[in-house]
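So the structure is just underneath, and the comments pick up after that.
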Protein chains: 2
Amino acid sequence: MEPLPPLFRRIADELRAKIRSGELAPNAQLPTQAELMRQYDVSDGVIKAVMRTLASEGLIQARRGAGTFVKARPTRQRLPRSWWRPARGGSPFLQDMAAHGMHGSWAFDSETVQASPEIRDRLGLDEPDSELPDVMRTAYTFMADDEPVQLATSYEPWALTKGEPIAYPEAGPHAGQGVVERMAVIGITVTHWSEVVSARPASTVEAQALKIGAGALVLTIERTYFAETRPVETADIAIPVDRYEIVYGAPVREASGE
Amino acid sequence: MEPLPPLFRRIADELRAKIRSGELAPNAQLPTQAELMRQYDVSDGVIKAVMRTLASEGLIQARRGAGTFVKARPTRQRLPRSWWRPARGGSPFLQDMAAHGMHGSWAFDSETVQASPEIRDRLGLDEPDSELPDVMRTAYTFMADDEPVQLATSYEPWALTKGEPIAYPEAGPHAGQGVVERMAVIGITVTHWSEVVSARPASTVEAQALKIGAGALVLTIERTYFAETRPVETADIAIPVDRYEIVYGAPVREASGE
DNA sequence: TCGAATTTGTGCGTATGTATC
DNA sequence: GGATACATACGCACAAATTCG
C-alpha cells in the first residue's frame, strides 16, 4: 500500500499543476494564504510549507504585504560555451554578448595568493614549500546590459606568468583578451579545455553579487585550459539558473581520436 | 541600521561555519533538535527551519529516527558528455560506464505519441493536423552498478522512422545503439549535436525514479541531434547533482568556422 | 521478536513583526 | 493611519522510522 504523500505536498502538486496548465497565469496573484487555509481547510503551517516548496522550485514569488504571485518565466538567455570559442582576439565573453545583441562589461580584482588544495590539484601544482603566493587569482563579475550574469574566479600559475607582460590578466597591453591569446604571447599553445558542470544554491555573497534571492540556484562550471597535458588556467564560474542556461555543442566526428 | 537577520538564519550560519571549518566533520551526527533547542533556547520551529535551510544547501541529511548528519561529499562521478562521443557501435552510455569501470544497464519504454508544443518546437515540426501521433517517445532509466544515475526521454519524428527497422529505438537489429548509428541505417547523417544545460529541483516522479530525496537538485540537459540544419532527435535528460557532475571538453581550434 | 525510547516529519493554533496598499 | 498579507517565532500533539535492550 502506498501511503498518501503529506498534505502540504499534495496541495503543492495541485497548485503546481494549475500553474503549469496556465490556469494560474504568469504574474497572476495566488489566493492569499488565509484564503488557501479556508479553501483546503488546513492550518497556516501547511500553506506556508506549500509556499516554500513552490518558491524553491522557482514557480512563485511572495512579496510581503502584497501577496504571492506566479513567477513569469523570463525566456532564459542562452550562454553558448563552445562552438564559437575561442575566436580570435578580444574577450570571449564580449563576443558571446555581441552575438546576442547585448552589451557586455565586467569588473575584476587581481592579486597573487597561495592556492587552496583544490585549486592546487586542478592546476597540478606541487605542495607549497613556503608561504609565498603561487597563483594569480582574478575575481570577475560579468554584466550583460548592466545586469550581473556570471561570476568567475580565475587562477593562473604564478610560475608561468611571473614577470611576463600578461602576468596581470586585466592590465597591460593584453588586458581583456582570452586565456588562449594571452598564453600565446608567452609561447604557450592552449590545446584544449574542459568544463565540469554542476549546480547548487548560491552562497550569500554570490546571491548578493548576482542580485538573486538567497539560496537561488546557480550553475557552476570548473573550467580548465590545457597546453597538452599541462593545466595553464582554471576558473570557478557561477551563473544564475533562473535567468541563464548554457549551451554546448559540437560536430559529430567519425570514431574518436581518444 | 541593519536589522539583524532572523533567528533561524543566524543559527544556520553558525552551524554552516562549523561544518565548513571541519568542527563538524563529514558523517558526524549533529546535536538532536531537542538538544539544539536547549542550546540556543529557541522553539522547535526555529530549529526545524535551520535544518531545512542546511538540508536544502546539501550540507546535512536527516534520517528520521536516527538523527541528522553532516553529508559526506561523495566524490562525485563524472559523466563525460563530449570528446568520446560518439565512438563507433553500441550504446554511448555503456561506453561511458565501461570507461569508468562501472557496469551500465537500462530500462526503457517506447510508444508513439503526439508531441507537446515544446518538443514540436525543438524538432521543428509543424502544427499537427490531426490527433495522430507524430513522434516516437522513449523513456529511459539508466543505471550504473544498479544505482539509477540518469533519466532520459527521447523523441524522434515519426515521419522519419515510421516503417523503418529502427522505428523502435530499443527493438530490432539496431536496438541499443546510439542515435548516430541508428540514423545512419536509414541514410541520415548526423552532423552535430547541441546540449542546453540547466538545473532545477527534481519532480516527485523523478525523485522516486532516481532514488533521491524529493526536491533534490537535478541537472537537466536538452540534447538535440542534427543532420545539417534538421533536428532528428531530441531528449530531456535529468541527472542527480549530488552524485554526478558532467564534463564537457574539446580541442581549441584556430579561429572558428562561423 | 518485541517493545520502549529516541529522533525527525507533519500538522495545528496563536501571537507578533513588517512591508505594502 | 488602517487594513491586508506575508515572515518569524512559540509551543503542542502525534506519526513514522530507527535504535537498542
Side-chain angles (χ1 to χ4, degrees), chain A residues 1-15 19 24 27-71 204 207 213-216, chain B residues 1-15 19 24 27-71 201 204 207-208 211-216:
Chain A
M1 268 295 135
E2 279 280 314
L4 272 180
L7 243 186
F8 78 92
R9 205 168 287 284
R10 298 205 301 272
I11 298 176
D13 290 345
E14 267 191 53
L15 289 179
I19 291 172
L24 284 168
N27 294 316
Q29 180 171 3
L30 270 71
T32 69
Q33 296 185 359
E35 177 59 30
L36 288 171
M37 286 168 60
R38 277 193 297 279
Q39 278 185 28
Y40 290 99
D41 193 28
V42 296
S43 74
D44 70 334
V46 173
I47 295 300
K48 282 180 195 307
V50 170
M51 295 312 195
R52 262 201 312 272
T53 306
L54 297 179
S56 84
E57 295 171 17
L59 289 176
I60 64 174
Q61 186 161 38
R63 278 167 43 216
R64 194 192 294 220
T68 306
F69 303 83
V70 179
K71 228 177 180 178
T204 318
Chain B
M1 272 292 133
E2 278 280 310
L4 273 179
L7 244 185
F8 79 91
R9 202 170 290 282
R10 299 204 301 272
I11 297 177
D13 289 345
E14 267 191 54
L15 290 178
I19 292 172
L24 285 168
N27 292 317
Q29 180 171 5
L30 271 69
T32 67
Q33 296 184 1
E35 177 59 29
L36 288 171
M37 285 168 61
R38 276 192 298 278
Q39 278 185 27
Y40 289 99
D41 192 30
V42 296
S43 72
D44 68 339
V46 172
I47 295 299
K48 284 177 196 302
V50 170
M51 295 312 197
R52 262 201 311 275
T53 305
L54 296 179
S56 84
E57 294 171 14
L59 289 176
I60 64 174
Q61 184 160 40
R63 279 168 43 219
R64 189 191 294 211
T68 306
F69 303 82
V70 179
K71 227 177 182 178
T204 317
Q208 218 153 27
K211 295 187 188 164
I212 55 180

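Side-chain atoms are counted along with the backbone in the values below, which use heavy atoms only and exclude waters and symmetry mates. Order of the sequence lines fixes the chain letters, A, B, ..., with proteins taken first and strands second; residue numbering starts at 1 for each chain.
Atom CZ of Arg10(A) and atom C1' of dT10(C) are 11 Å apart (whole Å). Rounded to a whole Å, the CZ atom of Arg9(B) is 11 Å from the C1' atom of dA7(D). If you measure from atom CD1 of Ile60(B) to atom P of dT7(C), you get 16 Å, rounded to the nearest angstrom.
Contact detail for Val50(B) and Ala12(B): the closest heavy-atom pair is CG1-CA, 3.9 Å. When all heavy atoms of Ser56(A) and Pro201(B) are compared, the pair lying nearest together is O-CG, 3.6 Å.
Stem regions annotated for DNA chain D: C:2-21 with D:2-21, counting only runs of 3 or more consecutive pairs of Watson-Crick or G-U type with both contacts under 3.5 Å.
For Ala62(B), the side-chain contact (heavy atoms from CB on, under 4.5 Å) partners are Thr68(B), not counting sequence neighbours. With sequence neighbours left out, the side chain to side chain donor-acceptor pair (under 3.5 Å) criterion links Asp44(B) to no other residue. Under the side-chain contact (heavy atoms from CB on, under 4.5 Å) criterion, Ala49(B) pairs with Phe8(B), Arg52(B), sequence neighbours left out. For Gln61(A), there are no side chain to side chain donor-acceptor pair (under 3.5 Å) partners, not counting sequence neighbours.
Between the CG atom in Leu36(B) and the CD1 atom in Ile47(B) there is a gap of 5.0 Å [rounded to 0.5 Å]. In this structure, the separation between CD1 on Ile19(B) and CG on Leu54(B) is 5.5 Å, given to the nearest 0.5 Å. Taken from CD1 in Ile60(A) to CG in Leu24(A), the straight-line distance is 10.0 Å, to the nearest 0.5 Å.
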Please list every donor-acceptor pair under 3.5 Å in which a side-chain atom of residues 28-35 of chain B meets a protein atom from a residue at least two apart or in another chain.
from, atom 1, to, atom 2, distance (Å)
Gln29(B), NE2, Ala66(B), O, 3.3
Thr32(B), OG1, Glu35(B), N, 3.1
Gln33(B), OE1, Lys48(B), NZ, 3.0
Glu35(B), OE1, Arg38(B), NH2, 2.8
Glu35(B), OE2, Gln39(B), NE2, 3.4

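Within residues 29-42 of chain A, the residues that have a heavy atom under 4.0 Å from DNA chain D are, in order of number, Thr32(A), Gln33(A). The stretch residues 43-53 of chain A touches DNA chain D through Lys48(A), each having a heavy atom under 4.0 angstrom from the strand.
For dT7(C), the OP1/OP2 oxygens have no side-chain nitrogen or oxygen of Thr68(B) closer than 4.0 Å.
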Checklist outcome for this item: Each nucleotide of nucleotides 16-21 of chain D classed B (base within 4.0 Å of a protein heavy atom), S (only sugar-phosphate) or -, in 5' to 3' order, makes BBBS--

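Listed by first then second residue, pairs satisfying salt bridge (Lys or Arg N to Asp or Glu O under 4.0 Å) with a partner in residues 57-67 of chain B read Arg16(B)-Glu57(B), not counting sequence neighbours.
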